[in-house]
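The figures here come from the full heavy-atom set of this structure, side chains too, leaving out hydrogens, waters and symmetry mates.
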Amino acid sequence: ATPPRVIAVESGAAREASLIPRTPLSFVPSLGASLATIAVIVQVAFLIFTGVTSSPDESGRYRTIAFETADSASASSPYAGWFYGVPLLATTAILVAATFLALWRVSSTPALPQHELADVDAGWRRATNRIIIAISGAALLLQFGGVAIQSGLAIRNAHIEGVAAGWDTIGQIFEGGGLAM
(Lines give C-alpha, C1' and ligand atoms only; values in the text may rest on other atoms or scores of the structure.)
Protein backbone atom coordinates (compact mmCIF):
# COMPACT_ATOMS: atom_id res chain seq x y z
CA ALA A 1 0.00 0.00 0.00
CA THR A 2 1.36 3.37 -0.90
CA PRO A 3 0.46 6.71 0.68
CA PRO A 4 -1.97 8.82 -1.31
CA ARG A 5 -0.51 10.75 -4.22
CA VAL A 6 -2.39 13.90 -3.26
CA ILE A 7 -2.99 14.93 0.30
CA ALA A 8 -5.59 17.57 0.93
CA VAL A 9 -4.13 20.62 2.62
CA GLU A 10 -6.23 23.49 3.81
CA SER A 11 -6.05 26.48 1.53
CA GLY A 12 -3.50 28.92 2.79
CA ALA A 13 -1.71 26.23 4.82
CA ALA A 14 2.01 25.99 4.24
CA ARG A 15 3.48 22.90 2.64
CA GLU A 16 6.89 21.76 3.74
CA ALA A 17 9.27 19.24 2.27
CA SER A 18 12.83 18.15 2.78
CA LEU A 19 15.32 19.33 0.18
CA ILE A 20 17.43 16.20 0.63
CA PRO A 21 17.01 14.09 -2.52
CA ARG A 22 15.70 10.55 -2.07
CA THR A 23 17.20 7.69 -4.03
CA PRO A 24 16.02 4.08 -4.29
CA LEU A 25 18.64 3.17 -1.66
CA SER A 26 17.89 6.05 0.76
CA PHE A 27 15.70 4.00 3.12
CA VAL A 28 17.05 0.50 2.51
CA PRO A 29 18.23 -1.28 5.67
CA SER A 30 22.00 -1.70 5.33
CA LEU A 31 22.08 -5.22 6.80
CA GLY A 32 19.32 -6.48 4.51
CA ALA A 33 20.89 -4.89 1.45
CA SER A 34 24.30 -6.31 2.35
CA LEU A 35 22.94 -9.83 2.84
CA ALA A 36 20.96 -9.67 -0.42
CA THR A 37 24.02 -8.43 -2.31
CA ILE A 38 26.17 -11.21 -0.84
CA ALA A 39 23.51 -13.80 -1.76
CA VAL A 40 23.41 -12.56 -5.37
CA ILE A 41 27.22 -12.64 -5.65
CA VAL A 42 27.46 -16.13 -4.12
CA GLN A 43 24.70 -17.43 -6.41
CA VAL A 44 26.41 -16.03 -9.51
CA ALA A 45 29.72 -17.60 -8.42
CA PHE A 46 27.94 -20.91 -7.73
CA LEU A 47 26.26 -20.93 -11.15
CA ILE A 48 29.52 -20.11 -12.92
CA PHE A 49 31.28 -22.90 -10.97
CA THR A 50 28.61 -25.45 -11.83
CA GLY A 51 28.62 -24.30 -15.45
CA VAL A 52 32.37 -24.70 -15.78
CA THR A 53 32.33 -28.13 -14.09
CA SER A 54 29.32 -29.47 -15.99
CA SER A 55 29.47 -32.03 -18.77
CA PRO A 56 27.12 -32.56 -21.68
CA ASP A 57 24.50 -35.29 -21.37
CA GLU A 58 23.46 -37.59 -24.22
CA SER A 59 21.49 -34.68 -25.76
CA GLY A 60 24.46 -32.32 -25.60
CA ARG A 61 22.99 -30.20 -22.79
CA TYR A 62 25.41 -29.14 -20.06
CA ARG A 63 23.41 -30.42 -17.09
CA THR A 64 25.47 -33.38 -15.89
CA ILE A 65 28.40 -33.76 -13.52
CA ALA A 66 30.80 -36.48 -14.61
CA PHE A 67 33.91 -38.02 -13.06
CA GLU A 68 36.37 -40.34 -14.76
CA THR A 69 39.30 -42.38 -13.50
CA ALA A 70 41.64 -44.73 -15.34
CA ASP A 71 39.26 -47.68 -14.97
CA SER A 72 35.78 -46.23 -14.36
CA ALA A 73 33.48 -43.29 -15.03
CA SER A 74 30.34 -41.96 -13.40
CA ALA A 75 27.86 -39.19 -14.20
CA SER A 76 24.81 -37.79 -12.46
CA SER A 77 22.10 -35.38 -13.43
CA PRO A 78 20.37 -32.97 -12.97
CA TYR A 79 23.26 -30.69 -12.13
CA ALA A 80 22.98 -26.92 -12.45
CA GLY A 81 25.53 -26.57 -15.26
CA TRP A 82 24.99 -24.08 -18.07
CA PHE A 83 21.65 -25.61 -19.06
CA TYR A 84 19.97 -24.52 -15.82
CA GLY A 85 22.50 -21.87 -14.78
CA VAL A 86 21.97 -19.43 -17.64
CA PRO A 87 18.18 -19.19 -17.09
CA LEU A 88 18.78 -18.79 -13.34
CA LEU A 89 21.28 -15.99 -14.00
CA ALA A 90 18.67 -14.27 -16.20
CA THR A 91 15.99 -14.78 -13.54
CA THR A 92 18.28 -13.33 -10.88
CA ALA A 93 18.96 -10.27 -13.06
CA ILE A 94 15.20 -9.78 -13.51
CA LEU A 95 14.66 -10.16 -9.74
CA VAL A 96 17.34 -7.57 -8.99
CA ALA A 97 15.82 -5.17 -11.54
CA ALA A 98 12.30 -5.67 -10.13
CA THR A 99 13.59 -5.08 -6.60
CA PHE A 100 15.34 -1.89 -7.67
CA LEU A 101 12.16 -0.73 -9.45
CA ALA A 102 10.10 -1.34 -6.31
CA LEU A 103 12.65 0.57 -4.20
CA TRP A 104 12.59 3.39 -6.75
CA ARG A 105 8.78 3.50 -6.53
CA VAL A 106 8.93 3.88 -2.76
CA SER A 107 11.55 6.64 -2.97
CA SER A 108 9.70 8.53 -5.72
CA THR A 109 6.40 8.69 -3.83
CA PRO A 110 5.81 12.30 -2.72
CA ALA A 111 6.46 12.97 0.93
CA LEU A 112 3.69 13.88 3.31
CA PRO A 113 3.23 17.67 3.11
CA GLN A 114 3.56 18.63 6.79
CA HIS A 115 6.94 18.77 8.51
CA GLU A 116 5.45 17.10 11.59
CA LEU A 117 4.79 13.98 9.49
CA ALA A 118 8.40 13.58 8.29
CA ASP A 119 9.13 10.82 10.83
CA VAL A 120 5.95 8.96 9.87
CA ASP A 121 6.86 9.24 6.19
CA ALA A 122 10.43 8.02 6.77
CA GLY A 123 9.16 5.16 8.95
CA TRP A 124 6.72 4.07 6.23
CA ARG A 125 9.52 4.11 3.63
CA ARG A 126 11.91 2.11 5.88
CA ALA A 127 9.27 -0.50 6.70
CA THR A 128 8.20 -0.86 3.07
CA ASN A 129 11.80 -1.24 1.89
CA ARG A 130 12.49 -3.81 4.61
CA ILE A 131 9.54 -5.85 3.30
CA ILE A 132 10.68 -5.49 -0.32
CA ILE A 133 14.21 -6.63 0.53
CA ALA A 134 12.84 -9.56 2.59
CA ILE A 135 10.55 -10.77 -0.21
CA SER A 136 13.29 -10.45 -2.83
CA GLY A 137 15.80 -12.18 -0.58
CA ALA A 138 13.39 -15.04 0.09
CA ALA A 139 12.73 -15.48 -3.64
CA LEU A 140 16.45 -15.55 -4.35
CA LEU A 141 17.29 -17.97 -1.54
CA LEU A 142 14.46 -20.36 -2.40
CA GLN A 143 15.63 -20.84 -5.97
CA PHE A 144 19.31 -20.87 -4.99
CA GLY A 145 18.70 -23.36 -2.17
CA GLY A 146 16.86 -25.84 -4.36
CA VAL A 147 19.50 -25.73 -7.08
CA ALA A 148 22.31 -26.08 -4.53
CA ILE A 149 20.69 -29.14 -2.92
CA GLN A 150 20.13 -30.84 -6.28
CA SER A 151 23.66 -30.05 -7.47
CA GLY A 152 25.13 -31.35 -4.22
CA LEU A 153 23.18 -34.59 -4.57
CA ALA A 154 24.35 -34.97 -8.17
CA ILE A 155 28.00 -34.46 -7.16
CA ARG A 156 27.74 -37.00 -4.35
CA ASN A 157 25.93 -39.53 -6.57
CA ALA A 158 28.55 -39.22 -9.31
CA HIS A 159 31.55 -39.30 -6.95
CA ILE A 160 33.56 -42.50 -7.36
CA GLU A 161 36.66 -44.07 -5.83
CA GLY A 162 39.80 -42.45 -7.22
CA VAL A 163 38.30 -38.96 -7.61
CA ALA A 164 39.55 -36.28 -5.23
CA ALA A 165 37.71 -36.44 -1.89
CA GLY A 166 37.18 -32.70 -2.10
CA TRP A 167 34.34 -33.28 -4.57
CA ASP A 168 32.35 -35.21 -1.98
CA THR A 169 32.96 -32.37 0.49
CA ILE A 170 31.79 -29.83 -2.10
CA GLY A 171 28.63 -31.89 -2.58
CA GLN A 172 27.99 -31.91 1.16
CA ILE A 173 28.57 -28.14 1.38
CA PHE A 174 26.11 -27.54 -1.47
CA GLU A 175 23.50 -29.76 0.18
CA GLY A 176 23.95 -28.18 3.62
CA GLY A 177 23.98 -24.66 2.24
CA GLY A 178 20.92 -25.39 0.14
CA LEU A 179 19.03 -26.73 3.15
CA ALA A 180 19.99 -23.64 5.15
CA MET A 181 18.69 -21.39 2.40
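- Note on Phe100: it does not cluster hydrophobically with Ile135, by side-chain heavy-atom contacts below 4.5 Å among ILVMFWY residues.
- Val28 and Trp124 end up in the same hydrophobic cluster when Ile, Leu, Val, Met, Phe, Trp and Tyr side chains are linked at under 4.5 Å.
- Here the side chains of Pro78 and Tyr84 are in contact, with some heavy-atom distance below 4.5 Å.
- The CD atom of Glu68 lies 9.5 Å from the OG atom of Ser55; values are rounded to the nearest 0.5 Å.
- Connection of Trp82 to Val147 is established within a shared hydrophobic cluster, with ILVMFWY side chains joined at heavy-atom distances below 4.5 Å, either directly or through further cluster members.
- Of all the heavy atoms in Ile155 and Phe67, the pair that sits closest is O-CE1, 3.8 Å.
- The closest side-chain heavy-atom distance from Asp57 to Tyr62 is not below 4.5 Å.
- Across all non-hydrogen atoms, the minimal contact from Ile133 to Ala33 is CG2-N, 4.3 Å.
- Of the possible donor and acceptor atoms, one in the side chain of Ser151 sits under 3.5 Å from a partner among the backbone N and O of Ala80.
- Here the closest heavy-atom approach between residue Val163 and residue Trp167 is recorded as CG1-CD1, 3.7 Å.
- Here the CG atom belonging to Leu95 is positioned 5.0 Å from the OG atom belonging to Ser136, to the nearest 0.5 angstrom.
- Rounding to the nearest 0.5 angstrom, the gap separating the CZ atom in Arg126 from the CG atom in Asp121 is 9.5 Å.
- Taking each heavy atom of Ser76 and Tyr79 in turn, the nearest pair found is O-CB, 4.3 Å.
- Ser74 contributes a side-chain N or O that, together with a main-chain N or O of Ala158, makes up a donor-acceptor pair within less than 3.5 Å.
- Considering only heavy atoms from C-beta on, Thr64 stays 4.5 Å or farther from Phe83 through its side chain.
- Placement of Ile131 and Leu140 in two distinct hydrophobic clusters is found when ILVMFWY residues are connected by side-chain heavy-atom separations under 4.5 Å, directly or transitively.
- The environment of Phe46 atom CZ is dense: over 12 non-hydrogen atoms of other residues, nucleotides or ligands sit within 6.0 angstrom.
- Thr69 and Ser72 share a donor-acceptor pair across their side chains, judged by distance under 3.5 Å alone.
- Residues Leu103 and Leu101 are members of separate hydrophobic clusters, defined by side-chain heavy-atom contacts under 4.5 angstrom among Ile, Leu, Val, Met, Phe, Trp and Tyr.
- Between Leu141 and Met181, the shortest heavy-atom contact is O-CB, 3.6 Å.
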Verdict with reasoning, Gln143 to Thr92, per side chain to side chain donor-acceptor pair (under 3.5 Å): CA-CA 9 Å; Gln143 74 174 7; Thr92 301; 3.1 Å; yes
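- When side chains are defined from C-beta on, Ile170 counts as touching Phe174, because their heavy atoms get closer than 4.5 Å.
- Nearest heavy atom pair, residue Arg125 against residue Phe27, reads CD-CE1, 3.5 Å.
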Side chain to side chain contact (heavy atoms under 4.5 Å, CB included) evaluation trace for Phe144 with Leu88: CA-CA 9 Å; Phe144 186 12; Leu88 282 172; over 6 Å; no
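- Side-chain atoms of His159 come within 3.5 Å of backbone atoms of Ala164 as a donor-acceptor pair (strictly under, hydrogens ignored).
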